[in-house]
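Working notes, structure below.
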Amino acid sequence: MADRAFDYVMNRFWDTQYGGAYWRLDDVGRVIDDSKKIYGQAFYIYALAEYCQAFAAPVALARARELFELIERHAHDSKYNGYLECAVVIGRRADADARLSDRDMNEKKSMNNHLHLLEAYTNLYRVWKDQRVEQRLRELIALFEQRILDPAQST
């Protein structure tokens, strides 16, 4: 079952033209939403890293590394740190609406996005001890400590 799911993720969800994982497919695997929400990209990396760890699959790690590079190139905010909700791909915004559902606010950055990217990069670091992944993990942790979490609320 894991191999079957891995094959589907690798061959149906991956955008062969621009890179990155599509947000949504229909029930037969056709793309119905090609936006590159970083929330979804994070789960794609998480799954690939998990598969790589479980089955020693270098192809999974290669794709996870490729997606890491795309996220860093197109969604990382080098001025203020953190990550945009949606990646800008080849000069166009992949999705003007950053919301995950109708109930969410349409903001450029969210705690939810950063939390899932922190999880994904942590899982990626387990299988790929890259200094840049470590650096981004430290940056994300600092972002939570300095901007997202309120120490007064943790007591």
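Remember, predicted model here, so these are calculated numbers, not experimental data.
Around CD of Gln135, the count of heavy atoms belonging to other residues, nucleotides or ligands within 6.0 Å exceeds 12.
If you take CG on Leu124 and CD1 on Ile45, they are separated by 6.0 Å, rounding to the nearest 0.5 Å. For the atom pair Gln146 CD and Glu139 CD, the distance stands at 10.0 Å (nearest 0.5 Å). Within the model, atoms CD of Gln131 and OH of Tyr125 stand 8.0 Å from one another, a figure rounded to the nearest 0.5 Å. How far CZ of Arg147 is from NZ of Lys109: 9.5 Å, rounded to the nearest 0.5 Å. Separation of atoms CG (Leu25) and CZ (Arg12) is listed at 8.0 Å; rounding is to 0.5 Å. To the nearest 0.5 angstrom, Tyr22 atom OH is 10.0 Å from Trp14 atom CH2.
Between Ser110 and Asn112, the side chains place no donor N or O within less than 3.5 Å of an acceptor N or O (distance only, hydrogens not considered). Between the side chains of Tyr44 and Arg63, a donor-acceptor pair is found at a separation under 3.5 Å. In this structure, a donor-acceptor pair under 3.5 Å is absent between the side chains of Glu85 and Tyr39. In the model, Asn81 has no side-chain atom that pairs as donor or acceptor with a side-chain atom of Asp77 under 3.5 Å.
In this structure a side-chain-to-backbone donor-acceptor pair under 3.5 Å is missing from Arg132 to Glu72. In terms of modelled atom types and a separation under 3.5 Å, the side chain of Arg126 and the main chain of Ala49 share no donor-acceptor contact. Remark: side-chain polar atoms of Asn11 are paired, donor with acceptor, to backbone N or O of Asp7 under 3.5 angstrom. Remark: side-chain polar atoms of Gln41 are paired, donor with acceptor, to backbone N or O of Ala21 under 3.5 angstrom.
The ring-ring contact (aromatic ring centres under 6.0 Å, His included) check on Tyr51 picks up Phe6, Phe55, with sequence neighbours excluded. Checked against ring-ring contact (aromatic ring centres under 6.0 Å, His included), His76 has the following partners two or more places apart in sequence or in another chain: Tyr83.
Comment: Arg65 does not engage Asp130 in a salt bridge, judged by the lack of any side-chain N to carboxylate O separation of less than 4.0 angstrom.
Counting heavy atoms from C-beta outward, Phe144 and Leu115 have side chains that approach closer than 4.5 Å. A 4.5 Å side-chain heavy-atom check between Leu84 and Ile38 finds every atom pair outside the cut-off.
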request  = Please step through side-chain contact (heavy atoms from CB on, under 4.5 Å) for the pair Val133 and Phe68, ending with a clear verdict.
outcome  = CA-CA 8 Å; Val133 177; Phe68 171 81; 3.8 Å; yes
request  = I would like to know whether Leu70 and Lys36 meet side-chain contact (heavy atoms from CB on, under 4.5 Å); could you show each step before the answer?
outcome  = CA-CA 10 Å; Leu70 286 169; Lys36 301 299 177 8; over 6 Å; no
Arg138 and Glu134: CA distance, side-chain angles, deciding distance, salt bridge (charged side-chain N to carboxylate O under 4.0 Å, His left out) verdict = CA-CA 6 Å; Arg138 291 182 186 284; Glu134 180 182 355; 2.9 Å; yes
request  = Determine, step by step, whether Leu48 and Leu61 satisfy the side-chain contact (heavy atoms from CB on, under 4.5 Å) criterion, reporting the C-alpha distance in whole Å, the side-chain angles of both residues, the deciding distance to 0.1 Å, and the verdict.
outcome  = CA-CA 7 Å; Leu48 292 172; Leu61 179 56; over 6 Å; no
ask   = Between Leu118 and Leu143, does a side-chain contact (heavy atoms from CB on, under 4.5 Å) hold up when you go through it step by step?
value = CA-CA 10 Å; Leu118 176 63; Leu143 187 65; over 6 Å; no
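Taking all atoms of both residues into account, the shortest heavy-atom contact from Ala120 to Ala42 is CB-O, 3.1 Å. Tyr8 and Val28 get closest at one heavy-atom pair: OH-C, 4.1 Å.
Linking Ile, Leu, Val, Met, Phe, Trp and Tyr whenever their side-chain heavy atoms come within less than 4.5 Å leaves Tyr46 and Val127 in two separate clusters.
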